[in-house]
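The chain is numbered in sequence order, starting from 1.
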Amino acid sequence: MSLSPLRGFFDFQNEMSRMFDEMFRGLSRRPREVSGRRFEWSPAVDVFSRDGDLVIKAELPGVRREDVDITLQDGVLTISGERKETEEESGEGYLVRERFYGSFRRSFQLPEGVDESKIHARFEDGVLEVVVEGAAQKTQPRRIQIEGSGS
């Protein structure tokens with residue numbers, strides 16, 4: 001039996017919040033708050049393994065590269081930023097308005113032992129791709145011997 005390299009990867013609370021936001025998007029337009037900061041929307045992401053590397057792709061249409069920040073702290077990779085609304089889009093007269101503006105944040109717990117120097121990102125055509133080299137290597141579980149009296 002081998003353990004998936006992505007086991008425990010997702011920040012569960014963040015993922016559940018994103019799913020509920022998507023499910024009930026039409027019912028509530030109120031922004032959510034995390035640690036006193038407002039977050040209006042959450043970008044969709046794909047996380048997959050490619051040649052032993054962990055790849056995170058985030059859809060960020062309408063976001064400029066300079067408005068995106070990627071940080072790593074205590075094994076948690078965080079993608080955050082802001083999609084800014086232009087003045088001509090902020091006026092009234094909309095019949096339907098489904099696009100979200102404002103701050104966003106997605107966090108991911110990386111597997112243990114990731115080499116921070118082997119993380120790189122690329123932003124092209126509204127898609128951010130973060131590659132964590134070697135983070136998707138499959139490992140075998142280590143069996144722990146049980147001690148005690150008896151047979």
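- Leu128 contributes atom CG, which lies 4.5 Å from atom CD1 of Ile70 (distance to the nearest 0.5 angstrom).
- Pro111 places none of its side-chain heavy atoms less than 4.5 Å from the side chain of Gln137.
- Between the side chain of Asp46 and the backbone N or O of Lys57 there is no donor-acceptor pair closer than 3.5 Å.
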**OP:** Could you go through the salt bridge (Lys or Arg N to Asp or Glu O under 4.0 Å) check for Asp67 and Lys84 one step at a time?
**Re:** CA-CA 9 Å; Asp67 293 331; Lys84 297 177 180 174; 3.5 Å; yes

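- A distance of 9.5 Å separates CD1 of Ile119 from CG of Leu54, quoted to the nearest 0.5 Å.
- More than 12 non-hydrogen atoms from other residues, nucleotides or ligands lie less than 6.0 angstrom from CD of Glu66.
- Taking 4.5 Å as the limit, every side-chain heavy atom of Arg64 sits out of range of all side-chain heavy atoms of Arg83.
- Summarising the local packing, CG of Asp51 is surrounded by 12 or fewer heavy atoms from other residues, nucleotides or ligands at distances under 6.0 Å.
- When all heavy atoms of Pro43 and Glu59 are compared, the closest pair comes out as CB-O, 3.2 Å.
- At a threshold of 4.5 Å between non-hydrogen side-chain atoms, the residues Val76 and Phe108 do not count as touching.
- Summarising the geometry, atom CD1 belonging to Ile79 is positioned 10.5 Å from atom CG belonging to Asp69; distances are rounded to the nearest 0.5 Å.
- Here Arg122 does not pair with Glu129 in a salt bridge; the nearest charged N to carboxylate O distance is not below 4.0 Å.
- Ion pairing between Glu82 and Arg105 fails under the 4.0 Å rule for side-chain N and carboxylate O.
- Taking the side chain as every heavy atom from C-beta outward, Leu60 and Phe123 approach each other to under 4.5 Å.
- Not one N or O on the side chain of Trp41 forms a donor-acceptor pair closer than 3.5 Å with the backbone of Phe104.
- No option in Val114, Asp53, Leu72, Val55 other than Val114 meets the side-chain contact (heavy atoms from CB on, under 4.5 Å) test with Val132.
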**OP:** Evaluate side chain to side chain contact (heavy atoms under 4.5 Å, CB included) for Val131 paired with Arg50, printing each intermediate quantity in order.
**Re:** CA-CA 9 Å; Val131 177; Arg50 179 173 62 206; 3.8 Å; yes

